[in-house]
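Because the structure is predicted, anything quoted here is derived from the model rather than measured.
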Amino acid sequence: MQQQNSEFWTKATQAREELASQLQDHPDVCFVDLGYPQDGDQDEIALRIHVCDDGDDFPLEIDGIPVIVARSR
């Protein structure tokens, strides 16, 4: 597991806030958070968009931080 420094966490938090703001009115988005991909890869923190439905295309990364779409069933 890779250690992240405070600069990374500041950047990642700002990216999460930016993405959450962009998607706040999207009907399929439940919430946006930071975490590890659901595939168990714990080498890289990602922005995770939690959706209720198979919806639109979402960005692949923001400010160099990967974006993961997690489908809620």
Side-chain angles (χ1 to χ4, degrees):
M1 181 181 344
Q2 182 180 9
Q3 288 288 338
Q4 306 296 343
N5 62 28
S6 64
E7 183 179 329
F8 169 82
W9 286 110
T10 298
K11 181 179 168 181
T13 300
Q14 289 172 345
R16 180 188 48 80
E17 290 171 6
E18 176 185 330
L19 184 58
S21 177
Q22 290 174 6
L23 298 174
Q24 70 182 0
D25 294 327
H26 194 291
D28 292 332
V29 175
C30 300
F31 63 95
V32 176
D33 69 359
L34 284 166
Y36 296 110
Q38 290 181 325
D39 64 6
D41 178 10
Q42 293 192 355
D43 289 334
E44 187 171 36
I45 297 292
L47 291 161
R48 301 184 303 187
I49 302 171
H50 295 264
V51 297
C52 303
D53 213 350
D54 291 335
D56 300 323
D57 292 326
F58 294 100
L60 298 177
E61 70 175 47
I62 292 183
D63 292 334
I65 300 168
V67 173
I68 305 296
V69 177
R71 310 273 183 221
S72 298
R73 307 255 183 240

Exercise. For Glu18, check side chain to side chain donor-acceptor pair (under 3.5 Å) against everything at least two apart and list the hits.
Key: Gln22
Self-check item: Aromatic plane relationship, Phe31 with His50 - under 30° parallel, 30 to 60° tilted, over 60° perpendicular
Solution: parallel
Quiz item: Of the non-hydrogen atoms in Tyr36 and Glu44, which two are nearest, and what is the gap between them?
Solution: CD2-O, 3.8 Å
Quiz item: Near Gln24 CD, under 6.0 Å, is it more than 12 heavy atoms from other residues, nucleotides or ligands?
Solution: yes
Practice problem: Give the minimum heavy-atom separation between Ala15 and Asp63, together with the two atoms involved. | Solution: CB-OD2, 4.3 Å
Quiz item: To the nearest 0.5 Å, what is the distance between CD (Gln14) and NZ (Lys11)?
Solution: 10.0 Å
Quiz item: When clusters are formed by joining ILVMFWY residues with side-chain heavy atoms under 4.5 Å apart, either directly or through shared neighbours, do Val51 and Ile68 land in the same one?
Solution: no
Quiz item: Say you draw a straight line from CZ of Phe58 to CG of Asp28; how long is it, rounded to the nearest 0.5 Å?
Solution: 6.5 Å
Quiz prompt | Minimum heavy-atom distance Ile45-Ile65, with the two atoms named | solution = O-CG2, 4.1 Å
Exercise. Would you name the heavy atoms of Val32 and Leu19 that are closest together and state the gap between them?
Key: CG1-CD2, 3.9 Å
Quiz item: So, does Thr10 use its side chain to make a donor-acceptor pair with the main chain of Ser6 at under 3.5 Å?
Solution: yes
